[in-house]
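First the structure, in the form of structure tokens, and then the observations on it.
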Amino acid sequence: MARPFYITTPIYYVNDAPHIGHAYTTVNCDAVARWHRLLGDDVFFLTGTDEHGLKIQRAAEAVGLTPLEMADRTSERFVEAWRELDISNDDFIRTSEPRHYTAVQEFLGRIRDNGHIELDSYEGMYCVSCEDYYTEAQAPDGMCPIHHRPLETLAEENYFFRLSRFEQPLLDWYEAHPDFVQPVTKRNEALGFIKQGLQDISITRTSIDWGVPVPWDDRHVFYVWYDALINYATAAGFGTDPERFERLWPVVQHVIGKEIIRFHCVWWPAMLMAAGLEPPKEVHVHGWLLVGGEKMSKTKLNHIAPSELVADFGVDPYRYHFLRDVAFGNDGDFSYEGMVQRYNTDLANNLGNLLSRVATVVGKKSGGVGPAPSPDSPLAAVAAAVYADAADAWERIVPSEALEATWRLIRETNAHLEVNEPWKAEPGPEDDAVLGDALEVLRIVAILASPAMPATAREIWSRIGLPGAPEDQRLPEAAVWGGYPGGLPVEKGDPLFPRMNPS
RNA sequence: GGCGGCGUAGCUCAGUUGGUUAGAGCACUCGGCUCAUAAUCGAGUUGUCGCCGGUUCAAAUCCGGCCGCCGCUACCA
């Protein structure tokens with residue numbers, strides 16, 4: 001049976017419309033999922049929406065909707081955004097679904113049965129107007145930062161998760177699993193947090209209705225984070241399909257933004273341990289997409305919706321840009337000018353033009369029939385090295401490196417053409433070999449680039465006359481030099497990526 | 001305050017068991033080519049490797065100090 005590969009995006013909170021930051025995470029996961037499908041893995045790629053909590057309840061009240069109606073609206077926008085971006089998720093989970101309620105109640109019930117959830121009292125500084133608690137860091141002067149009124153000290157009976165008991169188990173887990181959190185700087189951050197000591201966390205609320213009911217005490221609902229994290233287990237079949245869950249857990253790999261490290265790298269593994277389950281295999285942390293050097297936010301009005309850029313660049317160039325331009329793990333500063341530049345350089349000039357020039361010369365010198373490559377072409381070694389590097393980078397979830405490696409092959413091929421000048425040579429076996437080499441590179445590039453640009457890869461594939469589609473190929477065999485059979489019709493067609501005006 | 005990280009060509013960055021002339025891509029300059037989307041190919045320019053001091057035959061790479069920047073420091077979806 002194929003190796004299971006389970007990858008997740010965070011579930012996105014439905015108080016915000018999809019922007020390029022959400023899309024960044026999702027496209028990265030999608031490309032990795034597609035890569036693993038090429039490897040023949042049994043891929044399960046999950047995304048979805050997080051819908052409970054006070055913010056949604058209030059936002060719904062403000063416009064006269066039920067919380068679920070409110071969530072329906074925004075959740076649908078995420079579904080549409082991912083459809084537009086050619087995201088190949090195998091499931092889309094919503095925390096308002098019955099299957100999730102089942103899983104959450106089972107999961108937290110198990111933790112309670114294991115003695116790690118207990119009733120206790122939470123005391124904090126409370127603002128009546130906000131109906132919310134503030135920490136000392138948030139309100140050092142004891143005044144509500146929003147209403148500027150004195151906070152009251154209030155105690156509430158809540159159920160607590162005994163997170164403090166998992167300090168040592170977590171440290172042991174990190175010790176035994178050096179790759180648990182990547183990159184290592186984020187791992188240090190999580191570790192530092194654990195080492196400073198962990199406090200128990202109140203995980204239920206009585207002041208909210210919009211949440212998963214606590215099965216053993218109907219006055220409470222679970223605090224939103226506590227139900228949200230469990231989505232990863234829900235979708236894997238926890239509580240509903242034990243056999244499936246057995247297969248998908250704990251091979252799961254989470255991809256998250258750096259703002260939610262604590263939840264995924266501390267709370268979540270502790271919760272799993274408390275429930276008698278294993279922590280996830282790996283958590284991959286990426287940075288933020290900045291605009292003008294600043295984080296996107298509603299108040300700064302610097303949100304960019306993916307569709308705005310897709311309208312100008314197209315879906316595949318959009319995907320390519322964010323996969324290639326930002327080193328995974330670092331913050332990346334987005335600029336429209338930079339995107340145009342990379343589009344022109346990488347896509348129009350290097351890749352698009354390579355296909356274009358090869359197709360033209362094949363038309364002139366080989367009668368439009370693509371010749372087979374030479375078995376001992378110097379490009380064969382380049383292709384092999386590039387494949388090794390790309391495969392390694394995809395495995396580590398560093399798409400920028402995988403694509404950088406792939407483009408190395410494109411550049412080498414342009415140079416190879418320059419040296420051999422097939423457009424000058426007399427038609428014949430030698431000329432055919434040079435053109436065949438270039439076509440073979442295009443075949444391999446189509447496969448290697450298909451996780452990033454699925455539609456483009458299919459287009460290249462069909463223009464060089466190959467039957468089927470790049471997605472149907474199986475790695476690593478399909479990347480071996482010599483797969484292009486020759487004797488296939490090569491079609492020039494319109495430019496894949498018309499150059500854009502830099503201004 | 002505590003813990004952690006960063007500061008390398010105009011830009012984005014790579015570069016740890018310390019060792020020949022410090023690298024890549026982009027940008028720029030010159031040249032070639034004209035099959036190709038004024039694309040492509042080749043050559044080349046630019047760096048006190050934040051500053052000061054130390055260890056060493058030898059440091060971007062180790063140690064100390066300093067300057068500048070940043071992240072985390074719990075119930076923010």
Side-chain angles (χ1 to χ4, degrees), chain A residues 10-16 49-56 59 95 122 124 132-138 145 158 160-161 163-164 183-205 223-229 257-263 266-267 287-288 324-327 330-333 335 337-338 341-342 344-365 400-401 404 407-408 410-425 434-435 438 492 494-500:
Chain A
I11 47 176
Y12 304 110
Y13 201 54
V14 293
N15 70 338
D16 199 3
T49 44
D50 180 15
E51 312 189 354
H52 293 306
L54 189 60
K55 281 193 187 175
I56 304 305
T95 54
Y122 175 77
D132 208 358
Y133 289 94
Y134 289 93
T135 63
E136 269 185 54
Q138 292 167 314
N158 279 329
F160 275 71
F161 172 51
L163 180 65
S164 57
V184 68
T185 55
K186 304 300 190 216
R187 172 191 156 89
N188 289 342
E189 205 170 284
L191 217 39
F193 181 81
I194 297 167
K195 281 178 180 164
Q196 76 174 27
L198 297 176
Q199 297 168 18
D200 296 336
I201 302 173
S202 113
I203 62 164
T204 66
R205 296 289 185 273
Y223 172 54
V224 57
W225 256 114
Y226 261 73
D227 97 65
L229 287 163
K258 65 181 184 180
E259 74 282 5
I260 51 179
I261 287 178
R262 186 185 318 138
F263 307 108
V266 182
W267 291 13
W288 287 334
R324 173 64 186 84
D325 201 58
V326 180
N330 297 348
D331 289 351
D333 200 9
S335 81
E337 296 70 33
Q341 163 130 342
R342 187 172 281 290
N344 281 338
T345 301
D346 292 2
L347 300 182
N349 298 352
N350 289 352
L351 176 57
N353 183 56
L354 174 63
L355 174 65
S356 194
R357 67 194 306 205
V358 169
T360 299
V361 181
V362 169
K364 287 183 179 171
K365 299 286 183 177
S400 61
E401 283 183 29
E404 187 181 13
W407 256 251
R408 212 165 69 222
I410 295 171
R411 279 198 297 275
E412 292 280 352
T413 304
N414 272 319
H416 185 247
L417 289 174
E418 213 66 34
V419 170
N420 291 284
E421 301 186 304
W423 46 87
K424 277 187 178 171
V434 173
L435 293 170
K492 166 138 179 156
D494 293 331
L496 282 183
F497 307 105
R499 276 181 66 85
M500 292 181 72

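Reckoned from all heavy atoms, side chains included, excluding hydrogens, waters and symmetry mates.
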Handout entry: First encountered from the 5' end of RNA chain B, between A:Lys186 and A:Leu229
Key = A:Lys186
Practice task
Could you check A:Arg411 against A:Asp50 and say which one's nearest nucleotide on RNA chain B is further toward the 5' end?
Solution key: A:Arg411
Donor-acceptor contact below 3.5 Å, side chain [X] vs main chain [Y]:
| X | Y | answer |
| --- | --- | --- |
| A:Lys365 | A:Ala425 | yes |
| A:Ser356 | A:Gly352 | no |
| A:His416 | A:Ala438 | no |
| A:Asp200 | A:Ser164 | yes |
| A:Asn353 | A:Ala348 | no |
| A:Asp50 | A:Tyr12 | no |

Expressed in angstrom and rounded to an integer, what is the separation of [X] atom [atom1] from [N] atom [atom2]?
| X | N | atom1 | atom2 | value |
| --- | --- | --- | --- | --- |
| A:Glu401 | B:C13 | CD | P | 14 Å |
| A:His416 | B:G42 | NE2 | P | 13 Å |
| A:Glu412 | B:A24 | CD | P | 13 Å |
| A:Glu259 | B:C70 | CD | P | 19 Å |
| A:Arg324 | B:A24 | CZ | C1' | 10 Å |
| A:Asn349 | B:C41 | CG | C1' | 13 Å |
| A:Glu337 | B:U12 | CD | P | 15 Å |
| A:Gln341 | B:U12 | CD | P | 13 Å |

Side chain of [X]: nearest nucleotide among [options]?
| X | options | value |
| --- | --- | --- |
| A:Lys424 | B:U37, B:C76, B:C33 | B:C33 |
| A:Leu496 | B:A36, B:C41, B:U37 | B:U37 |
| A:Asn353 | B:C35, B:G42, B:U40 | B:U40 |
| A:Thr345 | B:C26, B:A74, B:A36 | B:C26 |
| A:Lys492 | B:U34, B:U37, B:U40 | B:U37 |
| A:Phe193 | B:C33, B:A74, B:G42 | B:A74 |
| A:Val361 | B:C35, B:C33, B:U37 | B:C35 |
| A:Arg357 | B:G4, B:A74, B:C35 | B:C35 |
| A:Ser202 | B:C26, B:C35, B:C75 | B:C75 |

Across the strands shown, which category fits [X] at heavy-atom distances under 4.0 angstrom: base, sugar-phosphate, nothing?
| X | value |
| --- | --- |
| A:Lys365 | nothing |
| A:Ala348 | base |
| A:Ile56 | nothing |
| A:Asp494 | nothing |
| A:Ile203 | nothing |
| A:Tyr12 | nothing |
| A:Gly257 | nothing |
| A:Leu191 | nothing |
| A:Thr185 | nothing |
| A:Gln199 | base |
| A:Gly352 | base |
| A:Arg205 | base |
| A:Lys258 | nothing |
| A:Tyr223 | sugar-phosphate |

Look through every strand shown and name the nucleotide pairing with [N] as Watson-Crick or G-U wobble, where both distances are under 3.5 Å.
| N | answer |
| --- | --- |
| B:C69 | B:G5 |
| B:G10 | B:C26 |
| B:C75 | none |
| B:G53 | B:C63 |
| B:C33 | none |
| B:U20 | none |

[N] to [M] separation - [atom1] atoms, rounded to the nearest Å:
| N | M | atom1 | value |
| --- | --- | --- | --- |
| B:U45 | B:G4 | C1' | 39 Å |
| B:G7 | B:C63 | P | 15 Å |
| B:G18 | B:A59 | P | 13 Å |
| B:U37 | B:U8 | P | 41 Å |
| B:U21 | B:G47 | C1' | 14 Å |
| B:G23 | B:C69 | C1' | 25 Å |
| B:U12 | B:G54 | P | 33 Å |
| B:G19 | B:C30 | C1' | 35 Å |

Problem - Atom of A:Trp407, atom of A:Asp346 and distance for their closest heavy-atom approach - result: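 Looks like NE1-O, 2.9 Å.
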Practice task
Could you tell me which non-hydrogen atom of A:Glu51 sits nearest to which non-hydrogen atom of A:Thr49, and how far apart they are?
Solution key: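 Scanning both residues, the minimum pair turns out to be OE2-OG1, 2.7 Å.
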Handout entry: Any A:Asn350 side-chain nitrogen or oxygen under 4.0 Å from OP1 or OP2 of B:U40
Key = yes
Practice task
Give a yes/no on whether any side-chain N or O of A:Arg499 is located under 4.0 angstrom from OP1 or OP2 of B:A39.
Solution key: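 Affirmative; the distance criterion is met.
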Handout entry: CD1 on A:Ile201 to OH on A:Tyr223, rounded to 0.5 Å
Key =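 Those atoms lie 9.0 Å apart.
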Exercise for the section: State the CD1-CG distance between A:Ile203 and A:Asp227, to the nearest 0.5 angstrom. Expected result: 10.5 Å
Handout entry: Under 3.5 Å donor-acceptor pair, A:Glu418 side-chain atoms to B:G32 base atoms
Key =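 Such a pair is found, so the answer is yes.
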